[in-house]
Amino acid sequence: LCLCQLCLQAAVELVVDRTHTSSTFDGVGGLSGGGATSVLLPDYAEPSRSQILDYLFTPNFGASLQLLKVEIGGDSQSTDGTESSHMHDSETVDLHTGYEWWLMQEAKKRNPDIKLYGLAWAFPGWVGEGSGDPFKFPERTAHYLTEWVSGAKSEYGLDIDYLGIWNERASDSSFVQVLRKTLNQAGYAGTKLVVKDGDMGICNDLLKDKAYADAVDIVGLHYPSDFADFSACNQLGKPIWASEESSSYDDMNGAACWGRVINSHWVINRMTSSIMWNLVGAYYHGTNWYASSMMTSVQPWSGHYEVNPVIWATAHVTQFTKIGWKYLANGSGSGELPHGGYYATWVDPSSQNFTMNFVKISRDHASCTRPPLPSFEVEEETLTVLLAPSLHAPPELQVWYSNFESYDDAEPPVFQHSTVQVRDSRFSIKVPIGGMLTVTTIKTGRKGTFLSRIPPSSPSFPLDYMDDFQTTEDSRNARWFADQIGSFEIHRAEDGKRSLRQMVPLLPIGWTDKGSRGPMTLIGMREWQDIKVQVSFRLPVATHGAAADAACVGARVDQMWKNGVVLCINRDGHWELLNSGPALQGSSAPAPVPIASGSTRAIGSTWHVLSLEVGPSNEAQGALDGRQLLSNVPVRDMDTGFAAIGANGWFPIEFRNFSVSKAP
Ligand code: 147
C-alpha cells in the first residue's frame, strides 16, 4: 500500500507554463457596510485607529486589500445599523455624512492603487416618491447614485471604479441603462456597473436582454456556490465576481473558508474577484453577525483590537499579486490538487514575477456561512511542481505558510516565511490538511506588526458617560452611537450650538426595515441592565399639527428596540412607558400597550430634559425637567440592553447633553 501511494505521488507533477494565460485578476477586497459595520472605527483611540487601517490597507503589511467596497448610505437599517445618505431629501446634497468617505480616503492614502466600489442597500424615500420602488423613476435614482459618484470625485478626489445597483434586491434593465447614460453624461464613463449583487438568476436575465447586458460590465454574485451551474454566467463573456462572500467568523474557521474560496472560485468557475463581508467588525456585540469580519475592533474607548487569522489568509494572495495580473489556465498553473484542494497561479504581464497559491481545507472546516458544500475528502500530499522555461524561475522562491486547522498547536503556523530551492526546473512542497501556501518570486511579503503593544481588552463601555455633542464635526454621527432606524447627525441649531438631529423626513426604501417603530440610535452594551439615561431634547415646530410627535429615551433595548424599557413623551405632555420602541406614526403596526402612562403639561417645541432609570429592583423611574413622571413601575427583570434615544416619527427631533450612568 505504502509503495503504491509513493508511486502515485511520484507520478503527479504539476506543470506551470506562463504561455497559457487566462483571465485578468480583479483583486481581493473587503466590504464596509451593509450595514454600519465600521461605525465604531472613526472614533477609535489613536494610535490603534491608524494601525487597524494599516492592517487592512497598507501594501505588504497585513490584508493589503486591493479593493474596498462600501455601502452608499440609504438612511435605513442594513444589518448592523443605518448609514446616512448623502441626500436625505431631493434638494440637499451633503458629502460629509457617514464615515465611508473617510474610510475610502484612508484606504487610498495607504494604497493609491486600491479600487473603490459603491453599492446601495437602501434608498431615501424621495427617489421613489413614496412608492417604495427605486426603479419607478429611473432618472431620479440614477441622479441620486451619480451624485454620490461625482461627490466622491469633487469633494475628495476619489474615482469610483465600480458601482452596483441594489444589494440583494431587484435589478432592472431599463434602470441600469438609464444609470449608464446618466453616468456617462456626467463624465463618469469610467465607472463600471456591477449587477446585481445577488443570485445567479441575473445571468439568464442578461442573456435574454442585449441592451441590459451591454450596459453592464461585471456580474457580481453573492455567496456563489462553486458547485452550481455557471454555464449561463460564463456565456456572457464578462468578469464574474463573488462580490459578497464569507460572513464567517474572524477565527481560524473563517480563515479556512475564506482562504479556500479566494482560490477555488477562480479554479472552478473563473471568478476573478472575491470581496469579504465584512471588512472590519466595528459594530457592537448584540447587533447582527457580531465578529464576522476580517478583523475585530469594538472598543473605541480602549483602543484594543484583534488581528485575526482572516487577515493572513487574505495576505496569502494580496501581498503577492496585483490587479491586472493574469491567471494561468487550468492545467498550466491552476487546478485541483491530486489529493484534494486547489492551486492557482498568477503572472505579472509586465515582468517575470509569478505567484502560486495552494490551499487544502478539510470538509469540516471548509464551509463559509453559506452556501452548503457537498462532501469531499482531502489528504496531505507532497507536490512536485515543474516550472516551464517560460517562467524564467529564479533558483530560490519565497514560501509563506499557514495552517488554519492546527487547533492543537499553541502557536499555529500563520503566515510563516521560508524559501524553497528550484532544482531541475522543479520544486517540491508539502501541503498538509488545513494548509494555505504561497510560493512566489515576490520578496516584499511581510507579517506586519507594530512596536507598540495593542492596548489590553477592556470590554465594558466606560461609565459614567456623557456627550454634549458640541465637539463633533457637522454632519457626522455622534461618537459611539450606532443609528438603527433613521439617521442622527450633528448639525448647528439657530443658537449656533450643535445638536444631534434625526435627518430622515420620510420612510426610506428599506432593505429589511419596512417601518414599524420610530427612529432610534443606541449606545453602550447589549449586556447593560441597571442604568440611568438622560437627554435634552426638542421637538420640531409642528408643521402639520402633529400633537402626537414624541421624544423617547430607552434602557435595556435590543438592536431594533423590539424589546426594552422606553419612556416617550409627546408634544401635549402625554407620556407612556413601553416594553419596546414606539410605533411609528402612520404605520399599520399595532401600538405597544403601555406599562404605565400619564399626563403632564404640554411641552411644545422647546428644550426639555427627559430621564429614565431602571434599577436593580427592576423598577423604572422617569422624570421630565427633573420632575418625577413615574416611579417604582415594575418592569421585566430578565431584560438587558443598550441605552437609546429616538422618536415616534420621521421628524427632525434634536438632542443635546446625553448621559448614561449606572443606576444607583
Ligand atoms: C447579506 C447582506 O448583503 C449583508 O449586508 C449582510 O447582512 C450579510 C450577512 O451574512 O448578508 O445578505 C444575504 C442574506 C441572505 C443570503 C445571502 C446574502 N442568502 O440567504 O443566501
Side-chain angles (χ1 to χ4, degrees), residues 30 32 36-58 61-63 80-81 99 102-103 106 110 249-251 254 278-312 447-473 476-484 490 500 521-533 555-557 559 640-644 658-663:
S32 168
T37 50
S38 302
V39 63
L40 298 176
L41 185 61
D43 294 314
Y44 228 81
E46 287 290 357
S48 298
R49 184 176 80 161
S50 307
Q51 294 177 354
I52 293 163
L53 293 164
D54 286 339
Y55 275 114
L56 295 171
F57 300 119
T58 301
F61 188 80
D80 294 292
Y99 32 83
W102 165 81
L103 187 65
E106 293 295 325
R110 287 167 173 78
Y249 282 128
D250 59 7
D251 57 10
N278 57 69
L279 176 78
V280 56
Y283 47 100
Y284 285 115
H285 181 229
T287 58
N288 292 318
W289 298 91
Y290 178 72
S292 302
S293 313
M294 219 166 245
M295 62 190 292
T296 295
S297 56
V298 285
Q299 295 178 17
W301 45 87
S302 74
H304 178 74
Y305 62 91
E306 289 170 31
V307 183
N308 304 103
V310 192
I311 289 283
W312 305 114
K447 190 171 183 184
T449 52
F450 290 100
L451 286 175
S452 64
R453 283 241 229 106
I454 297 173
S457 174
S458 165
S460 292
F461 185 103
L463 288 178
D464 299 338
Y465 182 76
M466 77 147 293
D467 190 349
D468 64 6
F469 305 132
Q470 298 309 304
T471 54
T472 302
E473 278 167 51
R476 302 294 307 278
N477 305 117
R479 185 178 93 137
W480 302 353
F481 273 88
D483 300 356
Q484 299 299 326
I490 304 288
L500 181 64
T521 185
L522 60 74
I523 190 168
M525 298 180 74
R526 182 71 175 82
E527 294 79 10
W528 273 350
Q529 194 162 39
D530 302 326
I531 55 171
K532 178 178 179 182
V533 191
R556 301 186 182 182
V557 307
Q559 187 182 342
T640 63
F642 299 100
F658 171 86
S659 68
V660 53
S661 48
K662 287 185 194 120

Undergrad: If only atom types and distance count, is the side chain of Tyr290 paired as donor or acceptor with the main-chain N or O of Gly281 below 3.5 Å?
TA: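 No, the answer is negative, given that no donor and acceptor are paired below the 3.5 Å cut-off.
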Undergrad: Salt bridge check, Asp54 against Arg110: does any charged N sit closer than 4.0 Å to a carboxylate O?
TA: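 Answer for the salt bridge query: yes.
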Undergrad: Strictly distance-based, threshold 3.5 Å: is any side-chain N or O of Asp80 a donor or acceptor partner for the main-chain N or O of Asn288?
TA: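 Yes.
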Undergrad: Walk me through whether Ser452 and Gln51 qualify under side-chain hydrogen bond (donor to acceptor under 3.5 Å, both in side chains).
TA: CA-CA 10 Å; Ser452 64; Gln51 294 177 354; 3.1 Å; yes
Undergrad: What are the two closest non-hydrogen atoms of Met294 and Val310, and how far apart are they?
TA: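 That would be O-CB, 3.8 Å.
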Undergrad: Drop me the distance from Thr521's OG1 to Asn477's CG, to the nearest 0.5 angstrom.
TA: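 The distance works out to 7.5 Å.
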Undergrad: Using a 4.5 Å cut-off on heavy atoms from C-beta on, say whether the side chain of Phe481 contacts that of Phe469.
TA: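 Side-chain contact under 4.5 Å: yes.
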Undergrad: Are Leu56 and Leu279 close enough that some pair of their side-chain heavy atoms sits under 4.5 Å apart?
TA: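 Yes, their side chains come closer than 4.5 Å.
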Undergrad: Just so I know, are the side chains of Phe658 and Leu500 near enough to count as touching, which here means a heavy-atom distance under 4.5 Å?
TA: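 Contact flag for Phe658/Leu500 side chains = no.
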Undergrad: Quick one: are Phe57 and Leu103 in side-chain contact, heavy atoms under 4.5 Å?
TA: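 Contact flag for Phe57/Leu103 side chains = yes.
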Undergrad: Do Tyr284 and Val298 touch side chain to side chain, with heavy atoms closer than 4.5 Å?
TA: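 The answer is no; the side chains never approach within 4.5 Å.
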Undergrad: Consider ring-ring contact (aromatic ring centres under 6.0 Å, His included). Of Trp528, Trp480, Trp301, which one does Tyr465 pass it with?
TA: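 Answer after filtering Trp528, Trp480, Trp301: Trp480.
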Undergrad: Does the side-chain hydrogen bond (donor to acceptor under 3.5 Å, both in side chains) test come out yes or no for Gln299 and Tyr305, once each step is laid out?
TA: CA-CA 7 Å; Gln299 295 178 17; Tyr305 62 91; over 6 Å; no
Undergrad: Nearest 0.5 angstrom please: Ile311 CD1 to Lys447 NZ, how far?
TA: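 Going from CD1 on Ile311 over to NZ on Lys447, the span is 11.5 Å.
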Undergrad: With a 6.0 Å cut-off (strictly less than), is the heavy-atom count around CD of Glu473, excluding the residue itself, greater than 12?
TA: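 Counting neighbours around CD of Glu473, 12 or fewer heavy atoms of other residues, nucleotides or ligands fall under 6.0 Å, so no.
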Undergrad: Phe61 vs Tyr55 aromatic rings, parallel, tilted or perpendicular, using cut-offs 30° and 60°?
TA: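 Rings of Phe61 and Tyr55: tilted, 30 to 60°.
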Undergrad: Mind listing the closest non-hydrogen atom pair of Glu306 and Met295 along with its distance?
TA: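 Heavy-atom minimum between the residues: O-CB, 3.3 Å.
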Undergrad: Can you confirm whether Lys662 sits close enough to Ile531 that some side-chain heavy atom of one is under 4.5 Å from a side-chain heavy atom of the other?
TA: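 Side chain of Lys662 against side chain of Ile531, heavy atoms only: no contact under 4.5 Å found.
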Undergrad: Between Thr296 and Asp250, does a side-chain hydrogen bond (donor to acceptor under 3.5 Å, both in side chains) hold up when you go through it step by step?
TA: CA-CA 7 Å; Thr296 295; Asp250 59 7; 2.4 Å; yes
Undergrad: In terms of side-chain geometry, is the basic nitrogen of Asp464 or Lys532 positioned less than 4.0 Å from the acidic oxygen of its partner?
TA: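 Salt bridge between Asp464 and Lys532, a charged N being under 4.0 Å from a carboxylate O: no.
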Undergrad: Within the structure provided, determine whether Ser297 and Leu41 are in side-chain contact (heavy-atom separation under 4.5 Å).
TA: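 Answer yes - side chains close enough.
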Undergrad: Is there a donor-acceptor pair under 3.5 Å between the side chain of Arg49 and the backbone N or O of Pro42?
TA: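 Yes, because the side chain of Arg49 sits within donor-acceptor range (under 3.5 Å) of the backbone of Pro42.
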Undergrad: Are Ser293 and Tyr283 packed together at the side-chain level, in the sense that at least one heavy-atom pair is separated by less than 4.5 angstrom?
TA: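 Yes; the side chains approach each other to less than 4.5 Å.
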